[in-house]
Amino acid sequence: MNRLRNRLVLIFLAATLVPLGVTLWITTSLLNKSLSLASTRELQEVSQSLEITGRALYHQAKESMQLQVASGRLKPEHYAFSKRRNWPPALEEFEDSGRKEDFVIAGANGEQLQYMVRRSDEILVYAQPLGGIGMNRLTTQLSFTKSVLERAGARDLRKAFLYTLILLAAVTWLVSITALIYCAYRISRPIQQLTSGLTELAAGNLAARLPGGRNDEIGTAMRAFNLSAAELQQSRDRLIHLTRLASWQTLARKMAHEVKNSLTPIRLTMEEIAARRDEIDPRFLEQAAQIVVDEVGTLERRVRAFSEFATEPPIQIGPVDVNALMEERVAFLKSAHPEVIYNVRLAEGHVNARADADLLKGVLTNLLENAAQAAGGGGVVLGKTFVTAGKVGIEVHDSGPGLSLHARGSLFEPTISFKKAGMGLGLSIARKSALLSGGDILLVEGELGGAAFRVLLPTG
């Protein structure tokens, strides 16, 4: 039921994942190139070159100063131990170190090189400028450059930028897919409701209705569905009502016709008796009375048949021995139709069916009676019982002329009779009894050339 929503989600995935992958690849490539252009490798090489150059200049200045001191061209300043209170801090550190001689960078920016030499009662300090080179400033810049390089080495900028980019892309994509799933649900849900309503309507549930409240095209379709379902329900109710009226009208016409057929002989007989009231022949009176009795009996049978067709008998389902019932009904009807040959073919063993015993007796009696009337004098009627596919079967065959195509098409319809004295209700009542017992009656191919009926019932 969610195939439309799933298709929308798959379309979004296909439409976004490929561009997202291409975008990430291009972005990471550009990021790597950008970071490679701003690499710290060149800065590290410059720092190393400056450090080597500074060291070389420092050693060259030391060697030059030592040569000038040895040649006597460079004159020292004398600092007596007795005047130590006035010494500069660098001289104090040299004295405390205990070294005999040392070179010190002096000046605010380290632009002067000092050579200190210890004597027995004083310290000689030779000073020479470094030619405008600020060694302190150079040293500070080199230290700062090294710290920058150390911090850059401690972190991987490429990975940091790449992970950040992937995280942002994933969060953006997840938010988008969540919004799309919600939108797909909003779009597919009313369509799913419409499809479900159409399925229920096709299954015969004309009371199915869809929720309204939407103002778009789907809402218009839902309102059209509700209107169509309501009209179909009204049409069905009217059709059922008209069908019921037509059925009762047909029954009323049939009943009126049958009653008229019986009242006509009675009326004619009574008129004849009235015409001969002065000279009534006893034999004629006896014959007229017999006609009236026969027609009244016919009326009673017809009224009883309609009453049985319209009345719901109490149903008592239980096990019924179909072999014993078949033998009992055949033995009962043999005396009523001595001119008919009855044969019985029973299933082996004890066969029980779940049915109402009285209803099943009526069904079997009706089928056997109809078969005897169809077979006629010298005809054959066959009764069978069997078990097949978990069902108990009862069949009645006759050697009569069989049924025409027209008769087969409306065989179980009420008030349809193909016998001269039939009411057209026997088979309808028989099938109704079989259905109430949980089974049914079917028309099958006969073994004796005539009609054949099969009753299928659940096993007991």
Side-chain angles (χ1 to χ4, degrees), residues 309 317 319-334 336-337 340-420 422-460:
F309 179 71
I317 303 297
V320 179
D321 188 345
V322 294
N323 288 344
L325 183 61
M326 175 65 78
E327 291 178 338
E328 175 192 344
R329 293 291 96 182
V330 168
F332 170 74
L333 291 173
K334 273 185 178 180
H337 301 281
V340 177
I341 301 173
Y342 283 91
N343 295 326
V344 176
R345 190 188 306 164
L346 304 178
E348 297 182 358
H350 188 72
V351 180
N352 281 343
R354 287 191 59 79
D356 183 284
D358 294 335
L359 292 179
L360 189 56
K361 285 181 181 180
V363 171
L364 195 54
T365 300
N366 183 274
L367 294 179
L368 290 171
E369 180 71 18
N370 289 346
Q373 294 178 5
V380 179
V381 174
L382 172 64
K384 295 172 53 179
T385 62
F386 56 91
V387 178
T388 176
K391 297 282 186 178
V392 175
I394 301 174
E395 289 186 0
V396 175
H397 300 251
D398 65 65
S399 60
L403 297 171
S404 64
L405 292 177
H406 175 66
R408 289 172 179 267
S410 57
L411 190 61
F412 296 102
E413 295 294 329
T415 72
I416 301 297
S417 177
F418 299 95
K419 296 185 297 184
K420 183 178 180 180
M423 287 293 299
L425 297 176
L427 285 176
S428 299
I429 295 173
R431 190 181 187 191
K432 179 181 177 182
S433 299
L435 292 172
L436 291 175
S437 296
D440 200 358
I441 296 179
L442 306 174
L443 182 66
V444 296
E445 292 297 326
E447 297 182 9
L448 305 179
F453 292 90
R454 175 184 297 167
V455 182
L456 290 176
L457 298 168
T459 57

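With 3.5 Å as the limit, one finds a donor-acceptor pair spanning the side chains of H337 and E369.
Here the shortest heavy-atom pairing between A372 and Y342 reads CB-OH, 3.3 Å. When all heavy atoms of S437 and L457 are compared, the pair lying nearest together is CB-CD2, 4.3 Å. Across T459 and G390, no two heavy atoms sit closer than the pair CG2-O, 3.2 Å. Contact between V396 and V381 at its shortest, heavy atoms only, is CG1-CG1, 4.2 Å. What you find for A355 and L360 is that their closest heavy atoms are CB-CD2, 4.4 Å. For P458 against G438, the heavy-atom pair with the smallest separation is CD-O, 3.5 Å.
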- Task: Please assess D321 against H350 for the test side chain to side chain donor-acceptor pair (under 3.5 Å), listing each intermediate value before the final yes or no.
- Result: CA-CA 7 Å; D321 188 345; H350 188 72; 3.3 Å; yes
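Here CG of N352 is found 9.0 Å from CG of N323. Values are rounded to the nearest 0.5 Å. Between E348 atom CD and T385 atom OG1 the span is 10.5 Å, to the nearest 0.5 Å. Distance CG/L368 to CZ/R329: 9.0 Å, rounded to 0.5 Å. Taking OG1 of T365 as the start and CD of E328 as the end, the distance is 8.0 Å to the nearest 0.5 Å.
Two residues are said to be in side-chain contact when any heavy atoms from C-beta on lie closer than 4.5 Å; L436 and D356 fail this criterion. A heavy-atom distance below 4.5 Å is not found between the side chains of V320 and V392.
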Atom pairs and distances, side-chain donor-acceptor, residues 439-448, under 3.5 Å, sequence neighbours left out:
from	atom 1	to	atom 2	distance (Å)
D440	OD1	R431	NE	3.0
D440	OD2	R431	NH2	3.4
E447	OE1	R345	NH1	3.4
E447	OE1	R345	NH2	3.4
E447	OE2	K384	NZ	2.8

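Although no hydrogens or angles enter the test, the distance criterion places a donor-acceptor pair under 3.5 Å between the side chain of D398 and the main chain of A451. Between the side chain of S399 and the backbone N or O of V380 there is at least one donor-acceptor pair closer than 3.5 Å.
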